[in-house]
Amino acid sequence: MKILVLEDDVETASALRTGLEREGHEVVAAFDIASANGAIDAASFDAAVLDVCLPDGSGYDVLARMRDRLPEAFGLMLTARGTIEARVEGLDRGADDYLVKPFAFAELAARIRALERRPRVDPPRVTIGGLEIDTSRRIATANGSRLDLTPIEFGLLTMLVRSRNEVVTRGTLLREVWGYDFNPTTNVVDVHVNRLRRKLEAEGMRDFVRTIRGKGYALA
């Protein structure tokens with residue numbers, strides 16, 4: 001997984017980064033709220049390990065930003081407050097797990113593995129600019145108008161939104177939307193993406209889906 005670590009203590013952050021990288025994860029370390037928010041805006045993460053109390057704010061503010069930008073990412077909070085009330089507050093504010101300092105790295109690693117095993121569920125409603133997707137009813141609207149999408153087109157749009165901060169390859173779309181691998185030279189993905197793009201453009205969402213030459217597709 002790609003994990004964001006927010007910890008203002010440089011020694012602790014370094015230890016966490018080293019340990020998580022040994023577990024096979026890709027780690028980005030941030031030492032303040034601004035840097036963490038900037039990292040979330042610039043890249044996609046699968047999980048975040050966030051200290052709650054920092055000199056420039058609360059890790060819960062970063063968690064809220066992550067929930068908005070990366071709704072599928074897991075959030076594990078680190079705090080010195082171990083009361084039941086503090087734990088309940090953390091879970092109520094959107095944390096997936098909560099670890100009290102001081103802690104053993106082995107426990108942190110085990111909790112992350114447990115989060116990784118959880119089935120990922122799309123949030124019931126996602127909004128990006130003028131686009132709104134209701135995953136429970138499989139309805140998408142653009143600037144208030146309902147899009148007449150085929151199941152494949154809805155799947156493509158949902159996959160692109162789910163990976164909004166990264167390029168999605170044609171191979172990934174074939175695997176995740178169609179459910180099995182086509183010949184990699186097929187243009188079936190391009191045909192369906194172009195149809196989806198035309199429907200979005202008809203509702204004023206021009207250039208919402210970008211073609212990344214030689215790689216795949218991404219949202220604007």
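As a basis for the values below, the full set of heavy atoms in this structure was taken, side chains included, without hydrogen atoms, waters or symmetry mates.
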Do the charged groups of Asp148 and Lys199 touch, with an N to O distance under 4.0 Å?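 Looking at Asp148 and Lys199, the cut-off is not met.
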
Flag yes if Met1 and Val27 sit in one hydrophobic cluster, no otherwise; membership is Ile, Leu, Val, Met, Phe, Trp, Tyr, and two members link when side-chain heavy atoms are under 4.5 Å apart.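 Yes, same cluster.
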
Roughly how far, to the nearest 0.5 Å, is [atom2] of [Y] from [atom1] of [X]?
X	Y	atom1	atom2	answer
Leu160	Leu173	CG	CG	6.0 Å
Tyr98	Met77	OH	CE	8.5 Å
Leu16	Ile3	CG	CD1	10.0 Å
Asp61	Asn37	CG	CG	8.0 Å

Given Val209, Val177, Thr150, the one that forms side-chain contact (heavy atoms from CB on, under 4.5 Å) with Leu156: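 Output: one option passes, namely Val177.
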
Test of understanding: with side chain to side chain donor-acceptor pair (under 3.5 Å), list the residues that count as partners of [X], not counting sequence neighbours.
X	answer
Arg137	Asp134
Glu21	Arg17
Glu11	none
Arg111	Asp97, Glu107

Positive for side chain to side chain donor-acceptor pair (under 3.5 Å) with Lys101, one of Thr79, Thr12, Asp51: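 Going through Thr79, Thr12, Asp51 one by one, the side chain to side chain donor-acceptor pair (under 3.5 Å) with Lys101 is satisfied by Asp51 alone.
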
Which atoms form the tightest heavy-atom contact between [X] and [Y], and what is the distance?
X	Y	value
Ala73	Arg67	O-NH1, 2.7 Å
Phe45	Leu70	N-CD1, 3.5 Å
Leu50	Gly59	CD1-O, 3.8 Å
Leu6	Ala36	CD1-CB, 4.0 Å

Side-chain heavy atoms of Leu157 within contact of Leu131, under 4.5 Å: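 When only atoms from C-beta onward are counted, Leu131 and Leu157 do touch, with a gap below 4.5 Å.
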
Minimum side-chain heavy-atom gap Arg195-Val191 below 4.5 Å: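 They are in side-chain contact.
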
Which pairs of donor and acceptor atoms, one on a side chain in residues 211-220, lie under 3.5 Å apart (sequence neighbours left out)?
| from | atom 1 | to | atom 2 | distance (Å) |
| --- | --- | --- | --- | --- |
| Thr211 | OG1 | Arg197 | NH2 | 2.9 |
| Tyr217 | OH | Asp190 | OD2 | 2.7 |

Residue pairs involving residues 27-40 (criterion salt bridge (charged side-chain N to carboxylate O under 4.0 Å, His left out); sequence neighbours excluded):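 Matches after skipping sequence neighbours: none remain.
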
With no hydrogens and no angle check, is any side-chain donor or acceptor of Thr18 less than 3.5 Å from a backbone partner on Ser14?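 The answer is yes, because a donor-acceptor pair under 3.5 Å joins these two groups.
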
Donor-acceptor pair, side chain of Asp96 and main chain of Leu76, under 3.5 angstrom: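 The answer is no, because no donor-acceptor pair under 3.5 Å joins these two groups.
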
